[in-house]
Engineer: 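To start, I am sharing the structure in question, which I have written as structure tokens.
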Number of protein chains: 2
Amino acid sequence: MDEKAAVAVFECLSSGVRLGVFRLLVKAEPVGIVAGDIATALDIAPSSLSFHLRTMTQAGLLRVEQEGRFLRYRANLALMTEVVGFLTENCCSGVSGGCRDADLLSGGIPGCGSSNPVQESEA
Amino acid sequence: MDEKAAVAVFECLSSGVRLGVFRLLVKAEPVGIVAGDIATALDIAPSSLSFHLRTMTQAGLLRVEQEGRFLRYRANLALMTEVVGFLTENCCSGVSGGCRDADLLSGGIPGCGSSNPVQESEA
DNA sequence: ACGATATTTCAACAAATTTGGAAATATGGA
DNA sequence: TCCATATTTCCAAATTTGTTGAAATATCGT
């Protein structure tokens with residue numbers, strides 16, 4: 001997963017409405033929910049929901065399937081797994097591994113740093 | 001971590017600039033980088049960077065420490081770990097566990113669903 | 001104390017996002 | 001075929017975000 005794709009996903013999750021939609025759909029797995037029912041459950045105007053649904057689908061976060069007049073949306077859990085991977089890998093100096101095991105914040109972990117450990121300023 | 005805090009974090013990560021800032025700071029752990037050097041590294045106007053830095057700090061994603069005239073920023077890895085946890089927990093029907101192990105997308109996993117497995121529409 | 005530097009705050013503006021209503025499209029049922 | 005329903009697309013308005021330069025604040029070095 002590249003940075004651009006990650007940003008697209010975070011963009012989706014950065015709206016209360018869209019995060020609500022996603023969480024609702026995650027709970028509804030593996031059945032999914034039809035657009036109209038999402039609108040009803042979350043009390044969003046169909047027009048507005050459609051806008052968000054399109055954004056999320058384009059980001060790959062949602063999968064759609066037509067069922068007659070209905071469009072059934074489902075959460076793309078695989079992508080979410082990728083996102084978790086992206087976050088984990090970029091969580092500790094770009095070096096995978098660690099970061100989940102202990103609280104890196106408290107300590108210092110000297111060897112954990114990157115190629116530019118110290119920045120100098122002041123001309 | 002509640003939904004509101006999660007949205008705040010995703011809001012931070014949903015900007016190319018801010019994600020760039022965060023990744024830079026993650027690489028610079030545990031030393032951190034002073035504001036001016038972030039601005040130079042990412043070629044952002046100081047004023048604009050300050051705006052993003054404040055947003056990220058308010059979201060708890062960054063920690064600041066004053067060093068004389070300088071302000072040294074560091075990535076809050078602990079919060080990122082929380083975010084990963086939030087995502088993981090909300091990744092498979094709100095039931096923690098699983099989701100990392102296999103590709104849930106492909107199968108169906110009948111028992112995995114929530115309390116409202118099927119939605120009905122059509123008056 | 002004074003001048004230089006680091007960073008922020010402020011205000012104005014540009015740009016992007018979000019919303020809701022009306023109309024368009026498409027499917028299903030009689 | 002005709003009508004009702006589901007969803008989207010289109011459009012205009014409202015809101016939010018991001019950028020910029022100038023001024024303010026604070027600290028350092030002399």
Side-chain angles (χ1 to χ4, degrees), chain A residues 3-4 7-22 24-25 28 31-59 61-74 118-123, chain B residues 3-4 7-22 24-25 28 31-59 61-74 118-123:
Chain A
E3 178 157 330
K4 203 172 174 183
V7 166
V9 171
F10 294 137
E11 232 161 61
C12 285
L13 270 29
S14 71
S15 147
V17 173
R18 285 190 296 263
L19 183 54
V21 168
F22 187 74
L24 184 66
L25 286 173
V31 177
I33 313 182
V34 155
D37 288 345
I38 300 175
T40 301
L42 270 42
D43 194 37
I44 311 168
S47 172
S48 186
L49 176 66
S50 186
F51 165 77
H52 291 297
L53 252 24
R54 185 164 58 92
T55 302
M56 297 175 77
T57 304
Q58 281 176 340
L61 212 50
L62 262 41
R63 303 301 202 85
V64 212
E65 198 181 346
Q66 183 147 18
E67 277 182 15
R69 286 178 282 177
F70 304 88
L71 286 180
R72 180 168 297 270
Y73 286 87
R74 289 185 51 195
V118 178
Q119 238 79 12
E120 279 305 328
S121 211
E122 180 77 276
Chain B
E3 178 157 329
K4 203 172 175 183
V7 166
V9 171
F10 294 137
E11 231 162 63
C12 286
L13 271 29
S14 71
S15 147
V17 172
R18 285 190 295 262
L19 183 55
V21 168
F22 186 74
L24 183 66
L25 286 173
V31 176
I33 313 182
V34 299
D37 288 346
I38 301 176
T40 301
L42 269 42
D43 195 34
I44 311 168
S47 172
S48 186
L49 176 66
S50 186
F51 166 77
H52 292 296
L53 252 25
R54 185 164 59 93
T55 302
M56 298 174 77
T57 303
Q58 281 176 341
L61 213 50
L62 263 41
R63 304 300 202 86
V64 212
E65 199 181 346
Q66 183 147 17
E67 277 182 14
R69 287 178 280 178
F70 305 89
L71 285 179
R72 181 169 298 269
Y73 285 88
R74 289 185 50 195
V118 178
Q119 239 79 11
E120 276 308 325
S121 211
E122 181 77 275

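For the numbers below, each heavy atom of this structure counts, side chains included, while hydrogens, waters and symmetry mates do not. Order of the sequence lines sets the chain letters (A, B, ...), proteins ahead of strands, with each chain counted from 1.
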Engineer: Given C:dA6, D:dT8, D:dT27, which nucleotide is nearest the side-chain atoms of A:Pro46?
Structural biologist: D:dT8
Engineer: Report the distance from atom CZ of B:Phe70 to atom C1' of D:dG29, rounded to the nearest whole Å.
Structural biologist: 12 Å
Engineer: Please report, rounded to the nearest Å, how far the C1' atom of D:dG18 is from the CG atom of B:Leu19.
Structural biologist: 17 Å
Engineer: Start at the 5' end of DNA chain C and walk down; is the nucleotide closest to A:Gly68 or to A:Ile44 reached first?
Structural biologist: A:Ile44
Engineer: Can you check whether B:Arg69 has a side-chain N or O nearer than 4.0 Å to OP1 or OP2 of D:dG29?
Structural biologist: no
Engineer: Looking at B:Phe51, is its backbone amide N or carbonyl O close enough to the side chain of B:Thr55 to form a donor-acceptor pair, meaning the two atoms are under 3.5 Å apart?
Structural biologist: yes
Engineer: Could you check which residues of residues 47-59 of chain B get a heavy atom under 4.0 Å from DNA chain C? Sort them by number, please.
Structural biologist: B:Ser47, B:Ser50, B:Arg54
Engineer: For the CD1 atom of B:Ile44 and the CZ atom of B:Arg18, what is their distance to the nearest 0.5 Å?
Structural biologist: 10.5 Å
Engineer: Just one of B:Arg69, B:Glu65, B:Arg72 clears the side chain to side chain contact (heavy atoms under 4.5 Å, CB included) bar with B:Val34, so which one?
Structural biologist: B:Arg72
Engineer: Before you tell me yes or no, could you show the steps for B:Leu42 and B:Val17 under side-chain contact (heavy atoms from CB on, under 4.5 Å), namely the whole-Å CA-CA distance, both residues' side-chain angles and the distance that decides it to 0.1 Å?
Structural biologist: CA-CA 8 Å; B:Leu42 269 42; B:Val17 172; 5.6 Å; no
Engineer: Closest to the A:Leu71 side chain: D:dT8, D:dA6, D:dT19?
Structural biologist: D:dT8
Engineer: Please list all pairs passing the side chain to side chain donor-acceptor pair (under 3.5 Å) test where one or both residues lie in residues 39-51 of chain A, with sequence neighbours left out.
Structural biologist: none
Engineer: Pair B:Val21, B:His52 - check side-chain contact (heavy atoms from CB on, under 4.5 Å), show working.
Structural biologist: CA-CA 9 Å; B:Val21 168; B:His52 292 296; 5.6 Å; no
Engineer: Kindly determine whether B:Leu13 and A:Leu13 satisfy side-chain contact (heavy atoms from CB on, under 4.5 Å), including the steps that lead there.
Structural biologist: CA-CA 10 Å; B:Leu13 271 29; A:Leu13 270 29; over 6 Å; no
Engineer: So if I take residues 9-16 of chain A and measure heavy-atom distances to DNA chain D, which residues fall below 4.0 Å?
Structural biologist: none
Engineer: C:dT8, OP1 or OP2 - any side-chain N/O from B:Tyr73 closer than 4.0 Å?
Structural biologist: yes
Engineer: Measure CD/B:Gln66 against P/D:dA26 and give the value in whole Å, please.
Structural biologist: 10 Å
Engineer: Is there a side-chain contact between A:Val9 and B:Phe10 (heavy atoms, below 4.5 Å)?
Structural biologist: no
Engineer: Rounding to a whole Å, what distance do you find between B:Arg18:CZ and D:dT16:C1'?
Structural biologist: 12 Å
Engineer: Is it the case that more than 12 heavy atoms not belonging to A:Glu3 sit under 6.0 Å from its CD atom?
Structural biologist: yes
